[in-house]
> 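Shown below is the structure under consideration.
Below, chain A is the first sequence line, B the second, and so on; all start at residue 1. The model shown is predicted, which means the values in this text are computed figures rather than measured ones.
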Amino acid sequence: MTINWSDIEHKWRNKWDVESLHNTNIDNDKPKFFLTVAYPYPNSPQHIGHGRTYTLTDVYARYKRMLGFNVLFPMAFHYTGTPILAMTKRLAENDPELINAFQDVYNIPMSTIKELDEPIKIAQYFHNEIKQGMIEMGYSIDWRREFTTIDKAYSRFIEWQFKKLNSGGFITRGSHPVGWCPNDGNPVGQHDTLGDVEPDIGEYTIIKFTFEDAKLVTATLRPETIFGVTNLWINPEIEYVKISLNDEKWIVSRDSMNKFEHLVSDKSSLEIISGDSLIGKWTENPFTDMKIQLLPASFVDSKNGTGLVMSVPSHAPYDYQAIVDFTLNLDLLSKYPTIDTNNLVPIDVIKTEKYNNTPARQLVSELSIKNQDDPKLVEATKELYNLEFTSGKMLVIAGDYADLPAKTAKDKVKNDLIQMGIATKLYEIMNSPVICRCGTECVIKMFEDQWFIDYGMSDWKEKAHSSIDSMSLLPNEITVEFHNTIDWLHEKACARNSGLGTILPWDNDWIIESLSDSVIYMAYYTISRLIKEKNLDSSKLSEEFFDYVLLGIGECNSVANTTGIDKTTVDELRSEFLYFYPLDSRHSGRDLVPNHLTFFVFNHSAIFPKNHWPQQIVVNGSVLMDGKKMSKSFGNIIPLRQAVKTYGADPIRLGIMSAAELLQDADFSLELVKSFNERLNRIYTVVQEIKNAPDYDVNQANSIEKWMLSRLQRTINVTTDSMNKLRVRESLHHIIYLLDIDLLWYNRRTTISTEEKNSFLKYFFETRIKLLAPFAPYFSEEIWEILGHDKSITLETWPTSDDNLIDENTELSEELIKNTIEDINNILKVTKIQIQRICIYIPANWKWEIFLSALQKDSFNLKDLIETSLNNPDYSEFKKHIPKFCQSIFKEISNMDSYTKSRILKIGQLNENQILQELQSFYKLQNNIQVDLFSEDDSDLYDPKNRSIYSRPMRPAIFLE
RNA sequence: GCGGGGGUAGCCCAGCCCGGUCAAAGGCGUAGGAUUUAGGCUCCUAUCACUUAGGUGUUCGUGGGUUCAAAUCCCACCUCCCGCACCA
């Protein structure tokens with residue numbers, strides 16, 4: 001009889017539902033436990049990978065419930081954002097890639113896909129899919145509190161959050177560069193580009209060199225090298241233009257002009273200049289006043305930067321090589337006779353340990369670079385840049401900047417140049433061309449007047465640090481990552497101009513983006529149920545309302561009056577919040593540590609008082625499928641609902657939970673799921689056989705039953721310990737595998753009647769099934785019922801160990817038996833002999849005495865041990881065996897850990913004769929082999945090979961024949 | 001570059017914080033056996049090498065070091081993975 005998963009899943013889901021087992025209300029008799037998991041973004045159905053975080057949270061919820069907590073586990077859906085928008089567009093365009101994925105991977109019928117023609121429909125469709133999946137997985141969620149982030153009431157809540165942030169001074173406004181698609185009129189991120197390329201935005205410093213009535217505008221990544229400029233580079237082959245800006249005229253390459261278009265004041269005054277005509281002319285370094293000339297170079301790219309390059313031959317391999325090329329090229333020299341090559345001596349600006357002078361020259365020769373068009377120059381440039389950036393120091397020539405690390409000087413010089421009006425910034429896509437999915441090449445756009453949440457504020461950072469320090473983090477190793485994140489976080493753009501979401505309350509052109517409207521919503525769960533049930537009009541949910549309910553500001557009566565919500569409801573809302581807050585545990589994947597989870601900590605510390613800051617964060621790794629990352633292109637995505645249908649929810653839950661410890665990536669495999677299915681079926685079968693057995697009285701336990709009970713208590717202890725740290729893999733390991741191994745041993749060793757054994761097993765499985773209940777809820781309910789209980793196992797309490805049932809003596813005795821069998825097997829293996837008889841020789845008392853006395857000493861040496869033993873008159877007749885024996889136990893004891901020592905000492909001398917007698921029936925039953933036990937000092941000893949003298953405490957001597 | 005996490009037997013994965021019970025748990029796989037009409041399931045045995053007496057040797061990325069003792073502590077190196085945002 002095998003388990004029909006679908007049947008029992010329906011049965012129990014229905015029962016949970018009817019009894020509202022997962023709906024949580026205020027209960028002042030119980031401690032509360034409020035936990036949440038990052039709500040899903042409904043742009044695809046869930047797959048196995050998504051299941052990990054949610055399952056873990058549910059396991060924890062169920063565990064905490066069994067510990068007696070009033071557990072609230074709610075769920076909502078995150079509609080905010082732009083990907084669904086993009087998806088709508090792709091569907092409208094019949095994007096084959098997306099449609100294939102929907103059809104082939106997720107089995108969405110074409111007719112349904114056709115209906116998904118609006119963002120909201122897509123969101124609702126997947127919302128429902130995901131929700132069904134969660135229900136089918138058996139998550140113990142209080143669905144009454146469900147909401148979406150575009151619900152009107154939720155939007156009011158987010159408005160309130162932003163008003164709080166704004167009045168608290170956490171919002172700033174400014175400009176920042178973004179990758180931009182000029183066609184779509186939207187910022188582009190990695191998922192918006194062909195090949196999923198992240199636009200790499202680099203910051204050039206633009207340095208202006210005065211030239212006649214205009215400025216020659218160069219772009220550099222290394223402003224600190226301005227002290228080493230010997231000339232400028234012009235590509236004679238390309239066209240330059242003179243453009244009018246506010247009060248300046250700039251000369252830049254024609255191809256780069258579009259980068260400055262927004263700055264150009266007078267579009268009519270454009271003047272085209274050929275590159276060639278500039279060569280040989282003079283300008284001066286605006287910072288050092290040194291006179292320099294304009295030289296020709298072919299490596300200058302008209303599209304890169306401004307198409308003009310300041311030449312620093314000492315530190316830029318390109319520049320160095322171009323000068324070499326020029327001075328060796330007789331044609332050029334004669335073509336531009338006004339150029340004075342004496343001015344082109346490299347000037348060192350930065351020193352490193354690796355190079356003593358003109359590092360570019362050394363590098364060029366090391367790499368045997370031939371000319372300025374040699375591709376190896378890219379590598380050379382990169383290498384020198386990195387070296388000098390990380391370990392370079394400014395030389396005396398840098399004046400005020402001398403001795404500064406190059407890294408520091410870079411920013412200082414840049415800022416000073418800007419301050420002096422000599423320089424400005426230019427942002428550029430360094431890995432261009434980056435192509436938008438629509439086919440247009442992306443550019444950089446300065447996003448003007450963008451709204452930011454300023455995570456860079458130092459006093460706010462301090463609060464966030466202290467919040468992290470005051471909470472529990474699971475696993476603890478993740479702590480440092482949080483602190484690091486807090487340290488390097490700065491302004492985060494918090495609004496966009498497209499997508500679903502809440503409109504920024506003070507600037508209606510903006511929509512609050514998704515990582516900013518998802519940071520304190522846990523608080524909203526506490527009140528969402530009542531808002532829905534009382535059907536509160538969102539217009540009534542004013543700032544004052546939330547101030548009172550969430551922060552206790554103001555006074556109930558006046559809030560009721562001004563909002564028009566009745567007083568008892570306001571009161572109830574406030575109580576509900578106060579009962580459930582703070583959040584006791586927040587769960588998410590580790591990919592959200594550097595963003596969402598840290599924002600969550602920040603925002604709580606900004607808005608809520610300290611006693612409502614989060615208490616715990618739990619972070620888990622991701623899921624691999626048979627060792628590979630899950631992805632549509634590998635075709636290894638398994639939709640969760642489909643998997644539940646095929647394999648059953650509980651085997652999948654166990655498969656996901658047992659695959660890896662918290663922070664590790666879990667290697668999921670269907671093989672594992674199948675093997676769990678088999679194991680559960682085995683338990684199911686056994687339980688069917690023993691269900692009617694009478695209750696077992698543990699106090700009557702004897703022999704191996706006693707041992708099994710002891711093992712069970714230990715399993716309870718270690719499992720509870722692991723559960724508290726959410727080391728679920730370890731817990732399952734003990735509950736499933738190790739306990740099974742013990743059970744197998746028990747079955748081999750037990751001698752009681754079948755009837756008695758069944759009642760013992762019934763007792764055993766009742767406890768074991770409780771340990772399993774958080775992991776495999778459907779199965780556990782079913783077994784629990786079969787065992788004759790009519791209440792849900794959800795309502796049971798987590799087992800605690802009974803210390804009276806822990807029996808060191810029995811455990812040690814059993815170890816002696818196992819070790820002896822192992823020794824016998826070892827001998828058999830080596831000798832490959834067939835035996836009829838086993839002789840076991842138990843050590844004499846004097847050996848135990850010496851052994852125990854040696855154990856008692858903190859430290860001892862062999863010599864003392866032998867001497868004192870030899871001097872003991874009681875042992876005089878064994879004198880000749882003492883040295884050898886001492887030697888053997890010396891080695892054993894000095895390699896023994898303190899736990900084993902103390903265990904043996906606690907119990908003292910074992911009655912080995914009695915214990916090992918068990919082997920007689922054991923071998924009789926198994927192989928019909930006779931076992932004879934002797935004491936080493938027996939007078940009628942049968943010991944043809946003289947083995948008995950080798951016997952040691954806990955290690956009898958053996959003779960086989 | 002900055003930050004984080006890994007490298008353990010055929011594979012996956014524990015152990016490392018707190019050194020000794022570690023030739024190293026458990027799972028999977030593989031081989032032999034039992035059961036079965038057969039297969040599956042289940043059970044037993046084996047699974048680094050050598051070994052006709054419970055032993056020995058060599059192993060935990062590499063190389064050093066500390067220690068009576070190192071998978072575990074320290075140092076250096078090699079190597080793989082992930083994040084660095086305005087996007088969920």
> Could you tell me how far B:rC13 sits from B:rG5 if I compare only their C1' atoms? Round to whole Å.
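That atom pair is separated by 16 Å.
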> Does A:H490 have its ring centroid less than 6.0 Å away from the ring centroid of A:F452?
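No - the distance between ring centres of A:H490 and A:F452 does not fall below the 6.0 Å cut-off.
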> Looking only at the side chain of A:E678 (C-beta and beyond, no hydrogens), which of the listed nucleotides B:rC41, B:rG54, B:rC86 gets closest?
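Closest of the options to the side chain of A:E678: B:rC41.
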> B:rU21, B:rG26, B:rA88: which one has an atom nearest the side-chain heavy atoms of A:L592?
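Nearest nucleotide to the side chain: B:rA88.
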> Partners of A:F851 by ring-ring contact (aromatic ring centres under 6.0 Å, His included), sequence neighbours excluded?
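Testing A:F851 for ring-ring contact (aromatic ring centres under 6.0 Å, His included), a comparison that skips the adjacent residues, returns A:W848.
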> Considering only B:rG4, B:rA88, B:rG54, which nucleotide approaches the side chain of A:R955 most closely?
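Nucleotide nearest to A:R955's side chain: B:rG54.
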> For A:R679 and B:rG26, is the shortest distance between a side-chain N/O and OP1 or OP2 below 4.0 Å?
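So the side chain of A:R679 is outside the cut-off, no N or O lying under 4.0 Å from OP1 or OP2 of B:rG26.
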> Quick check: on RNA chain B, is the nucleotide nearest A:Y899 upstream (toward 5') of the one nearest A:A957, or the reverse? Name the residue that is more 5'.
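Mapping each residue to its closest nucleotide by heavy atoms, the 5'-most match is A:Y899.
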> What's the gap between B:rC75 and B:rA70 when it is taken at their C1' atoms, as a whole Å value?
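Per the computed distance, 15 Å lies between those C1' atoms.
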> Roughly, in whole Å, what's the span from CD1 in A:I821 to P in B:rA46?
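Going from CD1 in A:I821 over to P in B:rA46 covers 12 Å.
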> Looking at residues at least two apart in the chain, or sitting in another chain, which of them share a side-chain hydrogen bond (donor to acceptor under 3.5 Å, both in side chains) with A:N747?
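Checked A:N747 against side-chain hydrogen bond (donor to acceptor under 3.5 Å, both in side chains); matches are A:K757.
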> When the ring planes of A:H78 and A:Y41 are compared, do they come out parallel, tilted or perpendicular, using 30° and 60° as the limits?
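Rings of A:H78 and A:Y41: perpendicular, as their planes differ by over 60°.
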> In whole Å, what is the span from the CD atom of A:E814 to the P atom of B:rU21?
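Atom-to-atom, A:E814 to B:rU21, this comes out as 23 Å.
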> Using atom CG of A:D591 as one end and atom P of B:rC81 as the other, report the distance to the nearest whole Å.
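Going from A:D591 (CG) to B:rC81 (P), I get 18 Å.
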> I'd like to check the side chain to side chain contact (heavy atoms under 4.5 Å, CB included) partners of A:E203; sequence neighbours left out, ordered by chain and number.
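Residues passing side chain to side chain contact (heavy atoms under 4.5 Å, CB included) with A:E203: A:K414, A:K425, A:Y427.
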> Ring-plane angle category for A:F934 and A:Y841, please: parallel below 30°, perpendicular beyond 60°, tilted otherwise.
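The rings of A:F934 and A:Y841 lie parallel, inter-plane angle below 30°.
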> Among the nucleotides B:rC86, B:rU21, B:rU52, which one has an atom lying closest to any side-chain atom of A:K492?
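The closest nucleotide is B:rC86.
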> Tell me whether the side-chain N/O atoms of A:N484 come closer than 4.0 Å to OP1 or OP2 in B:rG4.
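Yes, A:N484 has a side-chain N/O under 4.0 Å of OP1/OP2 on B:rG4.
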> For nucleotides B:rC48 and B:rU36, find the distance between their P atoms and express it as a whole number of Å.
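Looking at atom P only, B:rC48 and B:rU36 are 32 Å apart.
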> Any ring pair (Phe, Tyr, Trp, His ring centres under 6.0 Å) pairs touching residues 942-961 of chain A, not counting sequence neighbours?
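Listed by first then second residue: nothing to list.
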> By side-chain hydrogen bond (donor to acceptor under 3.5 Å, both in side chains), which residues pair with A:H47, not counting sequence neighbours?
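A:H47 satisfies side-chain hydrogen bond (donor to acceptor under 3.5 Å, both in side chains) with no residue once adjacent residues are dropped.
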> What residues, two or more places apart in sequence or in another chain, satisfy side-chain hydrogen bond (donor to acceptor under 3.5 Å, both in side chains) together with A:T149?
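By the side-chain hydrogen bond (donor to acceptor under 3.5 Å, both in side chains) rule, A:T149 matches A:T80.
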> Sequence neighbours excluded, which residues qualify as ring-ring contact (aromatic ring centres under 6.0 Å, His included) partners of A:Y54?
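Expected list: none.
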> Check the phosphate of B:rA53 against A:T831, side-chain N and O only, distance under 4.0 Å to OP1 or OP2. Yes or no?
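Result: no.
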> Who passes ring-ring contact (aromatic ring centres under 6.0 Å, His included) against A:Y521, sequence neighbours left out?
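Here the qualifying residues are A:Y39, A:Y525.
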> Check every strand shown and say whether A:K674 touches a base, only sugar-phosphate, or nothing at a heavy-atom separation below 4.0 Å.
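Nothing, no nucleic acid heavy atom in range.
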> Give one of base, sugar-phosphate or nothing for A:L744, where a contact means two heavy atoms less than 4.0 Å apart.
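Sugar-phosphate, no base atom in range.
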> Mind checking the P distance from B:rG6 to B:rG61? Whole angstroms is fine.
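The same atom, P, in both gives a distance of 13 Å.
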> Checking contacts here: which listed nucleotide (B:rU56, B:rA53, B:rA25) is nearest the side-chain heavy atoms of A:K891?
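The nucleotide sitting nearest to the side chain is B:rU56.
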> Name the stems with RNA chain B in them: runs of three or more consecutive Watson-Crick or G-U pairs, distances under 3.5 Å?
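In RNA chain B, stems of three or more pairs: B:1-7 with B:78-84, B:10-12 with B:26-28, B:29-34 with B:42-47, B:48-50 with B:55-57, B:61-65 with B:73-77.
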> Can you list every salt bridge (charged side-chain N to carboxylate O under 4.0 Å, His left out) pair that touches residues 951-961 of chain A, not counting sequence neighbours?
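Matches after skipping sequence neighbours: A:D823-A:R955, A:R837-A:E961, A:E892-A:R952.
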> For the pair made of CD in A:E822 and C1' in B:rA23, what is the distance, rounded to whole Å?
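Answer to the nearest Å: 12 Å.
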> What's the gap between B:rA46 and B:rC60 when it is taken at their P atoms, as a whole Å value?
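It comes out at 25 Å once rounded to the nearest Å.
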> Would you measure the distance from the C1' atom in B:rU66 across to the matching atom in B:rG7 and give it in whole Å?
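B:rU66 and B:rG7 have their C1' atoms separated by 24 Å.
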> Does the base of B:rA88 carry an N or O that pairs as donor and acceptor with the side chain of A:N595 under 3.5 Å?
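Counting by modelled atom types and ignoring angles, a donor-acceptor contact under 3.5 Å is found here.
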> Which part of the nucleic acid does A:L960 contact within heavy-atom distance under 4.0 Å: base, sugar-phosphate only, or nothing?
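Answer is base: heavy atoms of A:L960 come under 4.0 Å of a base.
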> When you compare B:rC2 with B:rC50, how far apart are their P atoms, in angstrom units rounded to a whole number?
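Approximately 49 Å lies between the P atom of B:rC2 and that of B:rC50.
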> Is A:K674 paired with A:E671 through a side-chain N to carboxylate O contact shorter than 4.0 Å?
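Looking at A:E671 and A:K674, the cut-off is met.
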> Quick one: does A:D823 reach the base of B:rG54 with a side-chain donor-acceptor pair under 3.5 Å?
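Indeed, a donor on one side and an acceptor on the other fall under 3.5 Å apart.
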> Just the rounded figure in Å: distance from P of B:rU42 to CD1 of A:I683.
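Nearest whole value for this atom pair: 13 Å.
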> Going by atom types only, do A:T502 and A:D517 share a side-chain donor-acceptor pair under 3.5 Å?
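No, no side-chain donor-acceptor pair sits under 3.5 Å.
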> Roughly, in whole Å, what's the span from CG in A:L597 to P in B:rG4?
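My rounded result for the distance is 18 Å.
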> Could you check how far CG of A:L384 sits from P of B:rG1, rounded to whole Å?
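Distance, rounded to whole Å: 15 Å.
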> Provide, to the nearest angstrom, the distance between the CZ atom belonging to A:F599 and the C1' atom belonging to B:rC86.
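The answer, rounded to whole Å, is 8 Å.
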> Between N or O atoms, less than 3.5 Å apart, protein on one side and nucleotides 31-36 of chain B on the other: list the pairs.
none

> The side chain of A:V830 is closest to which nucleotide in this list: B:rU52, B:rA25, B:rU56?
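Of the candidates, B:rU52 comes closest.
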> Out of B:rA88, B:rC28, B:rA85, which has the shortest distance to the side chain of A:H490?
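The closest nucleotide is B:rA85.
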> Would you say that more than 12 heavy atoms from the other residues, nucleotides or ligands in this model lie under 6.0 Å from the NZ of A:K884, or not?
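No, the 6.0 Å shell around NZ holds no more than 12 heavy atoms from other groups.
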> Taking the nucleotide of RNA chain B with the nearest heavy atom to each, does A:R682 or A:R590 sit closer to the 5' end?
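Nearer the 5' end of the strand: A:R590.
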> So if I define the base as every atom that isn't primed, P, OP1 or OP2, how would nucleotides 11-16 of chain B read as a B/S/- string at a heavy-atom cutoff under 4.0 Å?
-SSSS-
> Under 4.0 Å, heavy atoms only, any strand: does A:P956 hit a base, just the sugar-phosphate, or nothing?
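Base contact.
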> Establish, with yes or no, whether the OP1 or OP2 oxygen of B:rU47 is under 4.0 angstrom from a side-chain nitrogen or oxygen of A:K829.
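It does, given that an N or O in the side chain of A:K829 lies less than 4.0 Å from OP1 or OP2 of B:rU47.
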> Looking only at atom P, what distance separates B:rG57 and B:rA71, rounded to whole Å?
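Approximately 14 Å lies between the P atom of B:rG57 and that of B:rA71.
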